[in-house]
Amino acid sequence: MDALEQTASTGPGAAPGAEPADGPGAAAGPAGPAELACVVEFILFIRDDGFTVLRAVPVGAAGAGRGAEPFDAAGVELAGVRPGETLRLSGSWEETRRRGPRLAVRGCERLRPDSVRSIRRYLASGLVRGIGPLLAQALTDRFGEQTLEVIEQEPGRLEEVYGIGRRRSRWIVESWHAQAEIRELMAALRGYGINPLLAERLHRDYGSTARETLTRHPYRLVGEVEGIGFATADRIGLAQGESPTSAERLEAAVWEVCASDGPRSGHCHLPVAQVVTDAAQLADQPPELLRAALERLGTGKTSPLVLEPHPVTAEPIAAVRAAYRAERRLARDLAALAAAPSDLPRAVRRLVEQDEFGPDLDQGQREAVRMALTHPVSVLTGGPGCGKSHTVRELVRLVRAGGGSVTLAAPTGKAARRLAELTGADAMTVHRLAADPHPGDAGSLPGAAGPVPRHEREPGSARDAEAAPEPDPQEADTLFGARSTMVHLIVVDEASMLDVYLAARLTARIPPGTHLLLVGDVDQLPSVGPGAVLADVLAVPGIARTTLTRVFRQAERSTIVSNAHLIRQGRLPQLKRSDFWFAELDDPERIAELVTEIATERLPRKLGVDPAKVQVLCPARRGAAGAAQVARMLQERLNPRAENEPEYWHGPRVFRAGDRVIATRNDYARGAHGVFNGTLGTVVDLDLREAGLTVETEDGEQIRYDLDDLDDLGHSYALTVHKAQGSEFPHVVAPLTMDAPRLLTRRLLYTLATRARTTVVLVGQPRALRHALDTPGPARATLLAPRLAAALAEL
């Protein structure tokens, strides 16, 4: 591991994928004001806030002083610009450290492309749905410099071009008008000092009404559109003359605290006093006004919030109604399952009574098998190397030997595949097992337009929200088939990842008599969504549980396994082993550079493996060494821009064929069985003409995404540790910095280490490692444990 210990002092200078210069004015060079017209050749970089760097070619008299030599331009004013667009730029020349002269843009005016070449490039960029490079050439060959006028004023003539029928003509015209609306939205957002890249997301969610919603009802966007919270909506609202004490404004502040801040931290409820205090700070208004707004949102059976005393402390609490209902339903259904008579075949019971267990099970594993087949609801826990998977494999064998049936599930597709490999039995995602056939869409504050009221959906980003309707009582008996072919045992692995919504959907559809075994490691990170289901169920004495503690000999030989147990205890792991290494660096930017170099060059060369077998995991998404930035750097090393190959920029991300990607939303309608958050795959085709790309998942299924749907897809070159939960990779490289100390906890470090099978390389600050070991992680405010205990006591 000597090569991995070297610092980045002799490594790459520029971070691939980073802004080509580290900000304007990096070094002395040509200066002075400039104004010129140009055609955009391609995009080099887009930052999250819209700061864009592009390559352009001067045109007309304005560019005569520099000839036709391509040049770089950069600035926030360039956000949303596409290849082929003609611009009039104003600004000043600056000298950058690595790329030479660059125009620092202060003003950007979009001009109508006036040459066949620029029109062709503009239309071929993927901007207009239904037009790719070949069709762009066909259009310009037919209509020349009048092509854009034909699209706008005589769209019926488009069908004169071979390959354009009525449907494609309609696509082109609709997309053209949509782009005009998006440009108007961008201009409006810029006027409010808000990231213009939000325009595409707004238009996708609200269509032609986006501009009106933005300017007339900005507070409705809070919690509806990812990236728009109270502060952003408030900037618009106050600029539009909204009263600081208006009901809509104050209720939006309360909703932000209850439905965004709380769930983002995993809470299912918050103390009323905290909600009032935090909302008052957001709105900068007296607490009594925010308390009144809270009471308005919590009054009535259809209100989005529930206000009631805490069942244990009697302290007033506020909960989003969807989380409140999910917790109550989950407690009720778990208790009913635990109290129901077992439907296990008699032959299985006899095998248990006769101790017909496999000879290689130790005493703890035997107890776990007996527990799962004796108690209708039970929990199996234990750390890495303690034999949980082997125990499940024996359970499967025993139930099948007695004529019973077993279903294995896990919260992610990767975890389900891993479970299937370890047990030799088929497994599926929990989402697929308990899929709601009619998932909802985003809701809104009372009175706002939207297909699903806020109280009926899970809080979070609008596109990820799903309705949680009360299940049909008749549905449970048919979910897993007829009673004669019912599933007798359901095993859910990686149960620490279950949030209250997913767990409630699952248990609502399990028939009484079916056994449910939750398997997981309570020391790993809890779910991304609200709740702490595994920990809460373990806190209820009435639920049977077995904890495996013995680390088996084969696992003992792995430094990863032994270090995981040290981390769980808050002790310093062994850091200079061939399979577990820590390279010390202090500067986050150099840490990101070294992580990139190790993942793409040093580790693959040393171990003789494909870089695709190395996964970078980051504690946080943002920051110099966050997953978003490191993913850009890895993409530029592993799948850089190539001449004459299509690429498509969606916000600050560029998609190319060959990209490693991950699904970031649940979509039950996509693919044969739905696509779920965490599904990994590779882009195998990017078709600008059809305005879509095709992803081949790890299961071998090919899934199509429209370019408008790319918010549902992210790059997986670098993932957050939360996103990697339930997955396992041969080799893991991870940066550790103090950029996001709130996220840097012992549970995160433990989860990170246990994602690797063979190698872990940590790169970063020793104080960040120490901080993680010393920080167990915050507790979550949940009510599942007392509700489940009460429900069991009533049966």
Side-chain angles (χ1 to χ4, degrees), residues 265-266 381-386 388-389 410-412 414-415 418-419 492-499 518-529 531-535 538 551 555 558-573 575 579-580 582 595 615-621 625-627 630 662 677-678 680 716 718-737 740-764 768-780:
S265 300
T381 67
C386 291
K388 296 191 298 295
S389 298
T412 67
K414 187 94 172 182
R418 183 163 157 246
L419 180 61
V492 178
D493 197 19
E494 298 286 356
S496 62
M497 297 175 62
L498 292 175
D499 62 27
L518 302 178
V519 181
D521 186 345
V522 76
D523 291 306
Q524 290 200 32
L525 282 172
S527 57
V528 175
V533 173
L534 183 64
L538 283 169
V551 179
S558 166
T559 308
I560 294 174
V561 171
S562 59
N563 275 351
H565 287 280
L566 290 172
I567 291 169
R568 186 168 61 172
Q569 299 164 26
R571 296 165 58 192
L572 189 69
L575 297 174
D579 58 349
F580 204 108
F582 183 44
V595 163
Q615 180 63 54
V616 173
L617 301 181
C618 304
R621 197 183 77 82
V630 176
I662 182 171
N677 192 346
L680 294 170
S716 64
L719 300 173
T720 63
V721 179
H722 254 122
K723 279 287 184 191
Q725 249 186 302
S727 298
E728 191 176 70
F729 310 95
H731 313 283
V732 166
V733 182
L736 290 181
T737 74
R742 187 179 63 85
L743 298 175
L744 206 56
T745 65
R746 188 185 307 163
R747 283 186 172 183
L748 180 137
L749 186 60
Y750 175 76
T751 304
L752 187 161
T754 54
R755 296 311 90 202
R757 285 197 300 269
T758 307
T759 312
V760 174
V761 181
L762 306 177
V763 182
L769 176 63
R770 189 70 259 174
H771 176 84
L773 292 170
D774 292 342
T775 308
R780 293 187 165 191

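It should be emphasised that the depicted structure is a prediction, and the values quoted were computed from it without experimental measurement.
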Next on the checklist: What's the separation between atom CG in Leu534 and atom OG1 in Thr381, rounded to the nearest 0.5 Å?
Outcome noted: 7.5 Å

Checklist outcome for this item: Closest heavy-atom pair, Leu518 versus Ala495, reported as atoms and distance to 0.1 Å, is CB-CB, 4.0 Å

Next on the checklist: As a quick check of understanding, evaluate side-chain contact (heavy atoms from CB on, under 4.5 Å) for Leu752 and Leu762, giving each step before the final call.
Outcome noted: CA-CA 10 Å; Leu752 187 161; Leu762 306 177; 3.9 Å; yes

Item to check | Pairwise distance CG(Leu773) to CD(Gln569) - rounded to 0.5 angstrom | outcome: 11.0 Å

Checklist outcome for this item: Tightest non-hydrogen contact, residues Pro776 and Arg746, listed as CG-NH2, 4.0 Å

Item to check | CA sep, side-chain torsions, deciding dist, call: Val760, Phe582, side-chain contact (heavy atoms from CB on, under 4.5 Å) | outcome: CA-CA 9 Å; Val760 174; Phe582 183 44; over 6 Å; no

Next on the checklist: Within the 4.5 Å heavy-atom criterion, are Thr412 and Gln725 side-chain neighbours or not?
Outcome noted: no

Checklist entry - Within a strict 4.5 Å, meaning less than it, do heavy atoms of the Leu575 and Leu769 side chains meet? => result yes

Next on the checklist: How close do Glu494 and Ala415 get, counting heavy atoms only, and between which atoms?
Outcome noted: CG-CB, 4.1 Å

Checklist entry - Are the side chain of Lys388 and the backbone of Gly383 linked by a donor-acceptor contact shorter than 3.5 Å? => result yes

Checklist outcome for this item: Minimal heavy-atom distance between Leu617 and Pro735, with the atoms involved, is O-CD, 3.2 Å

Next on the checklist: Tell me whether Ser496 contacts the main-chain N or O of Gln524 through its side chain, where contact means a donor paired with an acceptor under 3.5 Å.
Outcome noted: no

Item to check | Separation between CZ of Arg755 and CD1 of Ile560, rounded to the nearest 0.5 Å | outcome: 11.0 Å

Checklist entry - Do Arg747 and Pro526 touch side chain to side chain, with heavy atoms closer than 4.5 Å? => result yes

Next on the checklist: Taking the side chain as everything from C-beta on, heavy atoms only, tell me whether Arg757 gets closer than 4.5 Å to Val732.
Outcome noted: no

Item to check | Any side-chain heavy-atom pair of Tyr750 and Thr745 under 4.5 Å | outcome: no

Checklist entry - Taking His565 for the side chain and Pro384 for the main chain, is one N or O donor matched with an acceptor at less than 3.5 Å? => result yes

Item to check | Considering all heavy atoms, the nearest Thr754-Ala564 contact | outcome: CG2-CB, 3.7 Å

Checklist entry - Quick one: does Val551's side chain get under 4.5 Å of Cys386's, heavy atoms only? => result yes

Next on the checklist: Can you tell me how far apart CG (Leu572) and CZ (Arg770) are? Round to the nearest 0.5 Å.
Outcome noted: 6.0 Å

Checklist entry - Counting only heavy atoms not in Arg742, do more than 12 sit closer than 6.0 Å to its CZ atom? => result no

Checklist outcome for this item: Rounding to 0.5 Å, atoms NE2 (His771) and CG (Leu744) come to a distance of 5.5 Å

Item to check | Inter-residue atom distance Asp579.CG - Thr759.OG1, 0.5 Å rounding | outcome: 6.5 Å

Checklist outcome for this item: Smallest heavy-atom separation, Val528 atom then Arg780 atom, equals O-NH2, 4.5 Å

